[in-house]
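Right, I'll just put the structure down here and ask away after.
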Amino acid sequence: MMQTNAESNRAADEAPELDQVLTFQVGSAEYGVDISRVHEIRGYSPATRIPTSPSHVKGVINLRGTILPLVDLRIRFGQRHPEYGRRTVVIVLRVESAGRSRIVGVIVDAVSDVHDVPPSAFEARTEVDSSTAGSFVKGLVTLGETVLVVLDVDALLSVKELGALEES
């Protein structure tokens, strides 16, 4: 069955604009984020803890004059007592929330690769469980025989958590 131009345009409008995905490891799992949201990748350094912040917010660091909150994805996804080693890195991401753009660092075990993603390989989140990690899923990408979970970076910190960190 042939698609009309209108149907083709509507399908293109509904598909997310994912050209490339940065992949990384959190525990034994591999995840990805839209590369257009990645500001930079840097080595892990200890953060200054903010009292009353959630356990997954390790604290803040000074990134060239900007206070950057650090979120440990292992803790955010329910893992306990993560270890920080030579491969531990911080991915600095641009997060959009409450009509504002902010940068947030996420602590991961290692960065893997950057993959080109054809639109046909992306499947928007439909039926993903409602667990903590499931609430951060933007969609799935099929890369050969592998299915990669692409995270919704805007959901990693709530508006309330970001506001509380800014007030501190």
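If you're wondering where the values come from, they're calculated on a predicted model, not measured in any experiment. Just so you know, residue 1 is the first one in the sequence shown, and it goes up from there.
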Checklist entry - Does the side chain of L93 reach to within under 4.5 Å of the side chain of V33, using non-hydrogen atoms? => result yes
Next on the checklist: Just so I know, are the side chains of L63 and I103 near enough to count as touching, which here means a heavy-atom distance under 4.5 Å?
Outcome noted: yes
Checklist entry - Roughly how far, to the nearest 0.5 Å, is the OG atom of S53 from the CG atom of L70? => result 10.5 Å
Item to check | Heavy-atom closest pair, residues R76 and A155 | outcome: NH2-O, 4.1 Å
Next on the checklist: Could you check whether F136 and F77 have their ring centres less than 6.0 Å apart?
Outcome noted: yes
Checklist entry - Residues in side chain to side chain donor-acceptor pair (under 3.5 Å) with T23, at least two apart? => result E30
Checklist entry - Would you say I75 and V90 are hydrophobically clustered, going by side-chain heavy atoms of ILVMFWY under 4.5 Å? => result no
Checklist entry - Does L22 reach the side chain of I41, with side-chain heavy atoms less than 4.5 Å apart? => result yes
Checklist entry - Are V60 and L68 close enough, and set up right, to give a side chain to side chain contact (heavy atoms under 4.5 Å, CB included), and what steps lead you there? => result CA-CA 5 Å; V60 294; L68 178 73; over 6 Å; no
Item to check | Nearest heavy-atom neighbours spanning T142 and G144 | outcome: CG2-O, 3.5 Å
Checklist entry - Any side-chain heavy atom of L73 sitting closer than 4.5 Å to one from F24? => result yes
Item to check | Heavy-atom pair with the smallest gap, counting every atom of G32 and L148 | outcome: N-CD1, 4.0 Å
Next on the checklist: Side-chain heavy atoms nearer than 4.5 Å, only ILVMFWY residues, links allowed to pass through others: does that put Y31 and I35 together?
Outcome noted: yes
Item to check | Summary of side-chain hydrogen bond (donor to acceptor under 3.5 Å, both in side chains) pairs that have at least one residue in residues 57-72, sequence neighbours excluded | outcome: E40-R64, D72-R74, D72-Y84
Item to check | Within-4.5 Å side-chain heavy-atom neighbours: V89 and Y44 | outcome: no
Item to check | Close side-chain approach of D109 and R87, heavy atoms under 4.5 Å | outcome: no
Next on the checklist: Suppose we screen for salt bridge (Lys or Arg N to Asp or Glu O under 4.0 Å). Which residues come up paired with R94, at least two apart in sequence or across chains?
Outcome noted: E96
Checklist entry - Going by heavy atoms in the side chains, are V95 and S101 under 4.5 Å from each other? => result no
Checklist entry - Is the closest basic N to carboxylate O distance between R37 and D154 below 4.0 Å? => result yes
Next on the checklist: Within the 4.5 Å heavy-atom criterion, are V26 and Q79 side-chain neighbours or not?
Outcome noted: yes
Checklist entry - side chain to side chain contact (heavy atoms under 4.5 Å, CB included) between V149 and L140: does it pass, once the steps are laid out? => result CA-CA 5 Å; V149 176; L140 305 172; 4.0 Å; yes
Item to check | R49 to P54 - nearest heavy-atom pair and separation | outcome: NH1-O, 3.5 Å
Checklist entry - Does the side chain to side chain contact (heavy atoms under 4.5 Å, CB included) test come out yes or no for R42 and V92, once each step is laid out? => result CA-CA 8 Å; R42 55 182 289 123; V92 180; 4.1 Å; yes
Item to check | Joint hydrophobic cluster, V108 plus V38, side-chain heavy atoms closer than 4.5 Å | outcome: yes
Next on the checklist: Walk me through whether K138 and D34 qualify under side chain to side chain contact (heavy atoms under 4.5 Å, CB included).
Outcome noted: CA-CA 10 Å; K138 180 176 186 174; D34 184 342; 4.2 Å; yes
